[in-house]
Novice: 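Once you've had a glance at the structure underneath, I'll fire off some questions.
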Amino acid sequence: MKNRSATIAGFGILAFYLAGCSGSQDGAQPTVTETITVTSSPGPTITEPPPPTSSPSPSPRPTNSPSSTSSLTPRPDGPPVLGFGEPFDYSDGVTVNVTNLGTDYVDSGAESSGGQVVVLELAITNNTGEAWDPAGADGTMTYGAEGVTADEVFSYENGWSGGYFTSTLLPGRTATVNTAYAIPNVGLGDLVFEFTPESGSWERGAVFYVSQP
């Protein structure tokens with residue numbers, strides 16, 4: 001009986017010991033839960049270029065019309081075309097020049113332009129080495145995109161004679177005459193003066209003076 005009691009007592013002590021170890025392990029190692037939040041870093045912003053746009057079609061160029069201030073009278077091909085005030089030398093030594101002296105007004109003779117005229121100075125220099133008669137000199141004034149022929153205005157009081165050059169020009173001399181043409185305001189910026197120092201001469205053909213070279 002003594003040995004049995006001792007055995008029972010031993011089992012009790014062993015059970016108590018195991019229970020104590022189990023409680024000690026639970027208290028020494030608590031469960032820890034860690035939460036980790038992962039945030040993805042933003043990528044680079046890429047802006048796509050806008051799709052190419054087609055170039056606008058160029059605006060049509062204005063056509064020549066009397067109401068268009070940028071229109072120019074069609075210029076002649078072949079003969080010299082100069083601006084007013086530019087001299088022209090022929091190969092035989094004759095030099096011509098036509099200068100626009102501006103506008104003036106008259107009481108009669110320029111009804112088509114309301115009395116307004118454009119005054120020109122015609123000059124001829126004779127460097128041919130011999131006397132020369134420029135009596136055959138001739139000129140015609142036109143204006144505007146339509147090339148309207150202007151009326152020549154004669155005024156002895158103002159020195160505008162239609163006879164042009166009336167005397168022989170000696171070598172080395174220059175002769176000048178003034179003439180006037182009826183020009184309305186709409187035509188002032190687009191003038192063409194065709195000047196021939198000697199009518200019917202192939203050697204001294206026409207020279208064109210223009211306000212819009």
Side-chain angles (χ1 to χ4, degrees), residues 60-90 94-126 133-167 169 173-202 204-213:
R61 298 181 65 181
T63 56
N64 288 343
S65 63
S67 61
S68 176
T69 56
S70 62
S71 300
L72 297 179
T73 301
R75 306 307 179 195
D77 295 328
V81 180
L82 306 173
F84 285 104
E86 297 182 37
F88 178 77
D89 300 320
Y90 290 91
V94 171
T95 298
V96 298
N97 197 352
V98 178
T99 304
N100 185 342
L101 300 181
T103 59
D104 204 340
Y105 289 88
V106 293
D107 296 328
S108 61
E111 286 76 15
S112 61
S113 61
Q116 180 173 260
V117 297
V118 170
V119 182
L120 303 180
E121 180 187 79
L122 315 181
I124 294 180
T125 300
N126 177 18
D133 186 0
D138 193 14
T140 302
M141 174 77 88
T142 60
Y143 64 87
E146 298 283 332
V148 179
T149 301
D151 296 327
E152 188 173 359
V153 178
F154 307 101
S155 172
Y156 290 100
E157 179 182 357
N158 292 290
W160 307 332
S161 70
Y164 286 2
F165 304 91
T166 57
S167 61
L169 191 59
R173 300 293 182 90
T174 298
T176 60
V177 296
N178 289 353
T179 185
Y181 293 87
I183 306 291
N185 284 330
V186 69
L188 291 178
D190 193 2
L191 303 175
V192 177
F193 185 71
E194 180 182 354
F195 184 51
T196 305
E198 186 175 10
S199 180
S201 172
W202 289 99
R204 305 187 188 101
V207 178
F208 288 84
Y209 282 89
V210 300
S211 57
Q212 298 278 2

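Owing to the predicted nature of the structure, the values given are computational and were not obtained by experimental measurement.
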Novice: For Asp151, enumerate each residue passing the side chain to side chain contact (heavy atoms under 4.5 Å, CB included) test, keeping only those at least two apart in sequence or located in another chain.
Specialist: Ser112, Ala182

Novice: Out of Leu122, Asn100, Leu120, Leu82, which one pairs with Tyr209 under the side-chain contact (heavy atoms from CB on, under 4.5 Å) rule?
Specialist: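 For Tyr209, the side-chain contact (heavy atoms from CB on, under 4.5 Å) test succeeds with only one of Leu122, Asn100, Leu120, Leu82, which is Leu82.
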
Novice: Do Trp160 and Val117 touch side chain to side chain, with heavy atoms closer than 4.5 Å?
Specialist: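 Yes, at least one pair of side-chain atoms sits under 4.5 Å.
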
Novice: Contact between Val192 and Tyr143 at the side-chain level, heavy atoms closer than 4.5 Å - yes or no?
Specialist: no

Novice: So, do Tyr164 and Pro134 sit near enough that their side-chain heavy atoms are less than 4.5 Å apart?
Specialist: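 No, their side chains stay 4.5 Å or more apart.
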
Novice: Using modelled atom types and a 3.5 Å cut-off, is there a donor and acceptor pairing between side-chain atoms of Tyr90 and backbone atoms of Val96?
Specialist: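 Not at all, since once roles are kept as given, no pair shorter than 3.5 Å links the two residues.
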
Novice: Side chains of residues 103-110: which donor-acceptor partners sit under 3.5 Å, not counting sequence neighbours?
Specialist:
{"residue": "Tyr105", "atom": "OH", "partner": "Gln116", "partner atom": "OE1", "Å": "3.0"}

Novice: With the side chain counted from C-beta on, respond yes when Val81 and Val210 share a heavy-atom pair under 4.5 Å apart, and no when they do not.
Specialist: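 Heavy-atom side-chain distance check passes, below 4.5 Å.
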
Novice: Is there a side-chain contact between Ser113 and Tyr181 in this structure, where contact means two heavy atoms from C-beta onward sitting under 4.5 Å apart?
Specialist: no

Novice: Taking the six-membered ring for Trp, are the ring centroids of Tyr156 and Phe154 within less than 6.0 Å of each other?
Specialist: no

Novice: Just wondering, do Glu121 and Thr179 contact through their side chains at under 4.5 Å, heavy atoms?
Specialist: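 A side-chain contact under 4.5 Å is absent here.
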
Novice: Could you check whether Asp89 and Thr95, counting side-chain N and O atoms only, form a donor-acceptor pair closer than 3.5 Å?
Specialist: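 Yes.
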
